[in-house]
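Input: a single structure, listed below in structure tokens.
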Amino acid sequence: MKQFLNFIGGEFIATGKTFENRAPVDNHVIGLVHEAGQKEVDAAVTAAQVALKGDWGRMSVVKRAELLHAVADEINRRFDDFLQAEMADTGKPHSLASHIDIPRGAANFKVFADIVKNAPTESFQMTTPDGGTAISYGLRTPLGVVAVVCPWNLPLLLMTWKVGPALACGNAVIVKPSEETPATATLLGEVMKAVGVPDGVYNVVHGFGPNSAGEFLTRHRGVNGITFTGETRTGEAIMAAAAKGVRPVSFELGGKNAGIVFADADFDKAVTGITRSTFENCGQVCLGTERVYVQRPIFDKFVAALKAKAEALKIGPPMEPGVSLGPLISAEHKQKVMGYYAKAKAEGATVVTGGSEPRMSGALAEGHWVQPTIWTGLPESAGVIREEIFGPCCHIAPFDNEEEAIALANATDYGLATTVWTQDLATAHRMAAAIEVGLCWVNSWFLRDLRTAFGGAKASGIGREGGVHSLEFYAELRNVMIKL
Ligand code: NAD
């Protein structure tokens, strides 16, 4: 039986207290995960502190950047190992994992190494009251030991998106992967060791949230900052833990994102775009669209076209040719999504397509499959329009004018992302300014330039990462004032 071990101070550590890691496609046991307790979390914090005082702490940014390039190269050399591990843990299609998860996961190390290596700091010269001169400049120092608490939907990508800049800035990290997806974080330990990243710089502790590795780590006073991606509710718990010691947090949280399609949009591109933003990764993308608003003249045509696209999605396991829709991550998550499917019906939705489970054969019958689902006809107060579902589903409602579309999009506590489809440049700019989100895509979705800011407004997050914005969290900016 495969064992997923903790990685602490450069060693793989068994704890003997294990839980099962199951495959979403057929619920078979992939392996046993060794849960870290307080003792292992303490050891990881100590290992990280020791690393900061050792070679790593003295290493130049140029040398760190070289090592991080080597990490990326080693991930790419072992591309297939990472791909197989990610597909086994998540069940996501090969086409998705091989184009997004693994290559972008590797790229995070190179891009942030180069950004941090080349980032300037400010400098000012001033005249002092005695008529002399002083020069001040900014100096960036690492935050210290950074806890990286990760979700299961894009395990390697969302973890390295934080580990990359954290290490480039000279921190040591302790990663707590999701209990659902322990594999690629563990594999990355092998990569770190192989390329010579000093022991204790990259650590992994496995386990759950409350009363387990997640809570032990975020409560630990030896942790100097916490970067977290996951549910808003979990963010609240972590923020309370971080309050002790006034430790900084960077949060990427949940969403209930609106997609807005104007009548003047390129129709086919808009349909294809909303198909992706609603159904990609089986709807388990924080940036995904669960509320679609379509301008009335094209409403019926759009609903029919999206229905046809949803029904054309091929459901199946990662390696089956042509598959574009995998399973949900777990039995528990399936129960939650199916609960919303039932709730939509109870609330009076018109089920345009889907609404139940697909029939799967053989061993796949034990997997966590759900049908891609579209609803219409619900009032905006309905639960499935208000709450994040995180499944392959959306509600589509008509709107008449721009003001109405803005009001609908903003009528939520969340503020992560939106996707707007129009050919009118002025409309696009007005919408981008008016919708309360961290990310606004126009005639596109999930298109990312790692040099740009990423994060959520309102209940969807705290802070921004990406490009030089990552430096604002992963480094302390010190001002040095020199009187000449
Ligand atoms: P989750 O909040 O349930 O878990 C995330 C991580 O937090 C896991 O590693 C979990 O073990 C840990 N955790 C749970 N409770 C904890 C606690 N009390 N203390 C410390 N750690 C704790 O989220 P999930 O179900 O893994 O992921 C799905 C959610 O993530 C969705 O809400 C989605 O919108 C969000 N998400 C947001 C972004 C973004 O960029 N904004 C990206 C991906 C996912």
Side-chain angles (χ1 to χ4, degrees), residues 19 21 24 33 35-36 38 41 89-90 100-101 104 147-162 174-182 184-185 204-220 223 226-244 247 249-257 277 280-290 328-330 332-337 387-391 412-418 437-439 446 448 453-466 470:
F19 60 93
N21 176 26
V33 189
E35 184 179 356
Q38 187 68 57
V41 171
D89 269 4
T90 62
I100 294 196
D101 296 70
R104 285 206 201 177
V148 184
V149 183
C150 306
W152 44 258
N153 59 334
L154 294 144
L156 181 72
L157 191 160
L158 291 178
M159 184 254 292
T160 56
W161 147 258
K162 289 166 176 296
I174 304 169
V175 173
K176 211 300 277 170
S178 168
E179 52 272 35
E180 306 288 354
T181 52
T184 46
V204 180
V205 290
H206 290 298
F208 305 87
N211 202 27
S212 183
E215 187 181 324
F216 301 150
L217 181 62
T218 51
R219 285 197 180 282
H220 204 294
V223 167
I226 302 164
T227 181
F228 166 71
T229 306
E231 285 189 28
T232 297
R233 217 180 33 224
T234 311
E236 289 171 351
I238 292 179
M239 202 165 173
K244 280 261 180 269
R247 292 161 307 138
V249 295
S250 175
F251 282 173
E252 286 159 17
L253 308 176
K256 189 70 184 179
N257 309 306
S277 68
E280 191 147 285
N281 207 32
C282 201
Q284 303 166 117
V285 182
C286 53
L287 309 161
T289 308
E290 290 187 354
L328 293 173
I329 191 71
S330 63
E332 189 191 353
H333 191 48
K334 178 176 173 177
Q335 200 180 9
K336 174 183 163 186
V337 173
E387 296 152 29
E388 182 184 48
I389 302 171
F390 225 53
T412 169
D413 291 339
Y414 292 110
L416 188 53
T418 188
V437 286
L439 300 146
F446 210 172
R448 281 283 298 143
F454 181 99
K458 295 155 84 176
S460 291
I462 295 179
R464 294 291 180 273
E465 296 193 30
S470 293

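Positions are given from 1 along the sequence. Both counts, for ligands and for their atoms, begin at 1 and track the order of listing.
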Side chain, backbone, both or neither: the part of [X] lying under 4.0 Å from ligand 1 by heavy atom:
X: Asn153; value: side chain
X: Phe228; value: side chain
X: Ser212; value: neither
X: Leu253; value: backbone
X: His333; value: neither
X: Thr229; value: both
X: Glu388; value: side chain

What atoms in ligand 1 come closer than 4.0 Å to a heavy atom of [X]?
X: Glu252; value: 37 (C), 38 (C), 39 (C), 40 (O), 41 (N)
X: Leu158; value: 42 (C), 43 (C)
X: Pro177; value: 9 (O)
X: Phe208; value: 11 (O)
X: Ile238; value: 19 (N), 20 (C), 21 (N)
X: Val149; value: 6 (C), 7 (O), 9 (O), 12 (C), 21 (N)
X: Lys176; value: 8 (C), 9 (O), 10 (C), 11 (O)
X: Ser178; value: 9 (O)

Shortest protein heavy-atom distance from [atom], along with the residue and atom involved:
atom: atom 10 (C) of ligand 1; answer: Glu179 OE1, 3.6 Å
atom: atom 23 (O) of ligand 1; answer: Glu231 N, 3.5 Å
atom: atom 35 (C) of ligand 1; answer: Gly230 O, 3.3 Å
atom: atom 21 (N) of ligand 1; answer: Gly214 CA, 3.6 Å
atom: atom 22 (C) of ligand 1; answer: Gly209 CA, 3.4 Å
atom: atom 24 (P) of ligand 1; answer: Trp152 NE1, 3.3 Å
atom: atom 18 (N) of ligand 1; answer: Ala237 CB, 3.9 Å

Would you say the side chain of [Y] lies within less than 4.5 Å of the side chain of [X], judging by non-hydrogen atoms?
X: Gln38; Y: His220; value: yes
X: Leu416; Y: Cys286; value: yes
X: Val41; Y: Leu217; value: yes
X: Glu179; Y: Val33; value: no

Gap separating the [atom1] atom of [X] from the [atom2] atom of [Y], nearest 0.5 angstrom:
X: Asn281; Y: Leu287; atom1: CG; atom2: CG; answer: 11.0 Å
X: Gln284; Y: Ile389; atom1: CD; atom2: CD1; answer: 12.5 Å
X: Ser460; Y: Lys256; atom1: OG; atom2: NZ; answer: 12.0 Å
X: Ile238; Y: Thr227; atom1: CD1; atom2: OG1; answer: 9.5 Å
X: Glu252; Y: Cys150; atom1: CD; atom2: SG; answer: 10.0 Å

Just to check, does Phe454 reach to within less than 4.0 Å of ligand 1 when the distance is taken from its heavy atoms?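 Yes, that is the case, since the closest heavy atom of the residue is under 4.0 Å from the ligand.
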Does the residue Pro210 have a heavy-atom contact with ligand 1, meaning some pair of atoms that are separated by less than 4.0 Å?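 Heavy atoms of Pro210 do come under 4.0 Å of ligand 1.
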For Thr232 and ligand 1, does the shortest N/O to N/O distance drop below 3.5 Å?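 Between Thr232 and ligand 1, no N or O pair is found under 3.5 Å apart.
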For the 3.5 Å polar cut-off, considering only N or O atoms, please tell me whether Leu416 and ligand 1 meet it.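 It does not: no N or O of Leu416 is found under 3.5 Å from an N or O of ligand 1.
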Out of [options], indicate the one that has the non-hydrogen atom closest to [atom].
atom: atom 8 (C) of ligand 1; options: Pro151, Gly235, Cys150, Gly288; value: Cys150
atom: atom 38 (C) of ligand 1; options: Pro155, Cys286, Ala417; value: Cys286
atom: atom 16 (C) of ligand 1; options: Leu157, Ile389, Thr234, Val285; value: Thr234
atom: atom 33 (C) of ligand 1; options: Phe216, Phe390, Trp161; value: Phe390

With under 30° as parallel and over 60° as perpendicular, where do the rings of Phe19 and Phe208 fit, or are they tilted in between? tilted
Hey, is atom 4 (O) of ligand 1 under 4.0 Å from any protein heavy atom?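 No, there is no protein heavy atom closer to it than 4.0 Å.
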Under the rule for salt bridge (Lys or Arg N to Asp or Glu O under 4.0 Å), what residues qualify as partners of Glu388, not counting sequence neighbours? none
With Arg219 via salt bridge (Lys or Arg N to Asp or Glu O under 4.0 Å) - residues at least two apart: Glu215
Polar side chain donor-acceptor pair, Asp89 to Asn21, under 3.5 angstrom: yes
